[in-house]
2 protein chains.
Amino acid sequence: MPRPTKHAPERGDARTRLLEAARDVVRTKGFAATTVDDLCKTAGVTKGAFFHHFKSKDALGVAVAEFWTETTSALFETAPYHTPTDPLDRVLAYIGFRRAMITDDITEFTCLVGTLAQEVHATAPEIRDAAGVSIFSHAETLEADIAAAVDERGIAPTVWNPASLARHFQATVQGAFILAKAGNNPDLARETLDHLDRYVRHLFGVQESNISGDLQ
Amino acid sequence: MPRPTKHAPERGDARTRLLEAARDVVRTKGFAATTVDDLCKTAGVTKGAFFHHFKSKDALGVAVAEFWTETTSALFETAPYHTPTDPLDRVLAYIGFRRAMITDDITEFTCLVGTLAQEVHATAPEIRDAAGVSIFSHAETLEADIAAAVDERGIAPTVWNPASLARHFQATVQGAFILAKAGNNPDLARETLDHLDRYVRHLFGVQESNISGDLQ
DNA sequence: GATAAGATACCAACCGGTTGGTATTAACAA
DNA sequence: TTGTTAATACCAACCGGTTGGTATCTTATC
């Protein structure tokens with residue numbers, strides 16, 4: 001076990017602490033309104049540490065988007081929605097999982113990279129692209145289950161395809177977050193996920209059901 | 001006819017010019033990254049004029065959200081999607097209208113108040129609420145057509161209702177914008193509106209169709 | 001002792017906002 | 001018609017605090 005120093009925040013974790021601070025503060029205030037001093041104060045480090053690990057504020061923006069990609073992909077990989085043997089059940093369980101993640105605290109369940117993409121799409125292409133990778137690589141993890149469900153159910157989608165539907169999932173989730181923020185009410189996010197659930201059941205020709213009982 | 005002064009920007013329109021500047025610049029850079037000087041330069045007025053018309057930058061934020069509400073409601077009121085006599089056709093034509101508004105320039109077709117709501121939801125409640133009014137009052141204009149379509153088609157929605165579906169429309173549109181920004185590609189927005197079209201046709205039990213031909 | 005990690009002190013530019021003033025217009029009285 | 005008053009609209013210069021970023025130094029680790 002590494003011998004801790006006398007200082008409360010241990011040496012070597014300043015970068016991670018700054019990324020966690022950025023994740024939380026940016027989701028609350030947005031990227032532009034978040035100052036470097038904000039992040040240093042939240043992380044409990046000084047400016048010298050910040051610019052030692054990130055060459056600029058924009059570089060931190062890219063890094064925190066990549067950090068988000070790593071942490072969320074780990075979260076979704078180990079999430080229980082993968083357990084059903086029926087691929088369509090996994091797809092529906094994904095929606096249930098996203099729905100179950102919605103809590104009372106809006107900043108807690110909303111998406112960092114969605115916020116980033118919207119804010120910097122025209123001014124910081126590197127941050128925007130890092131956010132784009134996060135969203136679209138996550139969408140790709142859904143494609144396999146959707147494609148398997150298409151195969152297993154023997155349906156033949158014409159105008160849509162698994163990749164398109166996976167992206168539509170992400171759009172719906174992002175839109176759900178915006179309505180929750182605009183109305184300051186998480187129920188608005190749940191409501192739109194219920195419509196998504198209904199749409200998917202239609203595409204695969206299964207009965208509607210009250211989804212609030214079988215989350216995950 | 002009022003005699004124009006010697007100055008190029010005529011007297012009395014500074015407020016409108018500032019609101020138009022805010023609409024354009026905020027959609028590009030976001031609210032926090034937009035400086036008062038930015039707006040003054042774009043509008044061709046001085047800071048004195050700015051603070052004569054708006055008591056603070058936040059007050060401008062509220063005013064530009066209200067300005068957006070006024071201009072967009074005027075746009076949608078006179079839009080051609082109201083012409084079909086069948087209410088469901090009007091609902092589908094609304095989606096087609098939204099789809100037809102998507103151009104190559106992302107900042108041009110995306111939604112100011114969606115951007116505002118996401119950025120300031122936790123830090124500027126007054127701006128957030130003004131953005132919320134804009135989104136939800138627009139959703140309400142859809143409710144009548146959706147309800148009329150429900151009546152006319154004799155369907156009996158149980159878990160969803162016209163108000164909920166109208167909000168889902170807005171969530172889907174907002175989500176479409178975020179994906180277009182994240183992927184820097186307007187096609188991503190069109191794609192998700194096609195899924196919405198398909199969902200609505202399902203809810204009302206009508207055949208799918210290639211919607212790209214009958215926009216508006 | 002070399003290198004990475006972090007602290008301290010500092011800076012020039014920029015930010016939202018204020019100040020004190022001027023130009024224009026409308027209302028009204030003489 | 002002219003003069004007065006008041007209110008609105010706008011301008012140029014300025015202010016103090018904040019911003020992202022840097023230079024320099026100290027400390028820990030291999």
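Note on naming: letters A, B, ... go to the chains in the order of the sequence lines (proteins, then strands), and numbering restarts at 1 for each one. All figures in this text were calculated on a predicted structure; none of them were measured in a lab.
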Spacing between B:H52 atom NE2 and C:dT22 atom P, to the nearest angstrom: 17 Å

Distance test, side-chain N/O of A:H53 to OP1/OP2 of C:dG6, below 4.0 Å: yes

From D:dT22, C:dG16, D:dC11, nucleotide with atom closest to A:F51 side chain: D:dT22

D:dG20 base / A:K47 side chain donor-acceptor hit below 3.5 Å: yes

Charged tip of A:K57 within 45° of A:F50 ring normal and under 6.0 Å: no

Whole-Å gap separating P (C:dG6) and CZ (A:F54): 11 Å

Nearest-nucleotide pick for B:T46, side chain only, options being C:dG17, C:dG6, D:dC10: D:dC10

Side-chain (B:R190) to main-chain (B:I102) donor-acceptor, under 3.5 angstrom: yes

Whole angstrom value for the distance that separates P of D:dG20 from CZ of A:F50: 8 Å

Under-4.0 Å salt bridge between A:D38 and A:K29: yes

Nucleotide nearest B:K57 (side chain, heavy atoms from C-beta), chosen from D:dG20, C:dG17, D:dC11: C:dG17

Nucleotide nearest B:S56 (side chain, heavy atoms from C-beta), chosen from C:dA4, C:dG17, D:dG21: C:dG17

Atom-pair distance (NZ on B:K41; C1' on D:dC11), nearest Å: 16 Å

Touch class at under 4.0 angstrom, heavy-atom based, for B:T35 against every strand present: sugar-phosphate

All ring-ring contact (aromatic ring centres under 6.0 Å, His included) counterparts of A:F109, not counting sequence neighbours: A:F177

Separation of D:dC11 C1' from B:R15 CZ (nearest whole Å): 19 Å

Which nucleotide in C:dA7, D:dC10, D:dT19 has an atom nearest any side-chain atom of A:D37: D:dT19

d(NZ, B:K55; P, D:dT8) in whole Å: 18 Å

A:L39 CG - D:dG21 C1' separation (whole Å): 14 Å

Side-chain donor-acceptor pair present, B:Y94, B:R98, cut-off under 3.5 Å: yes

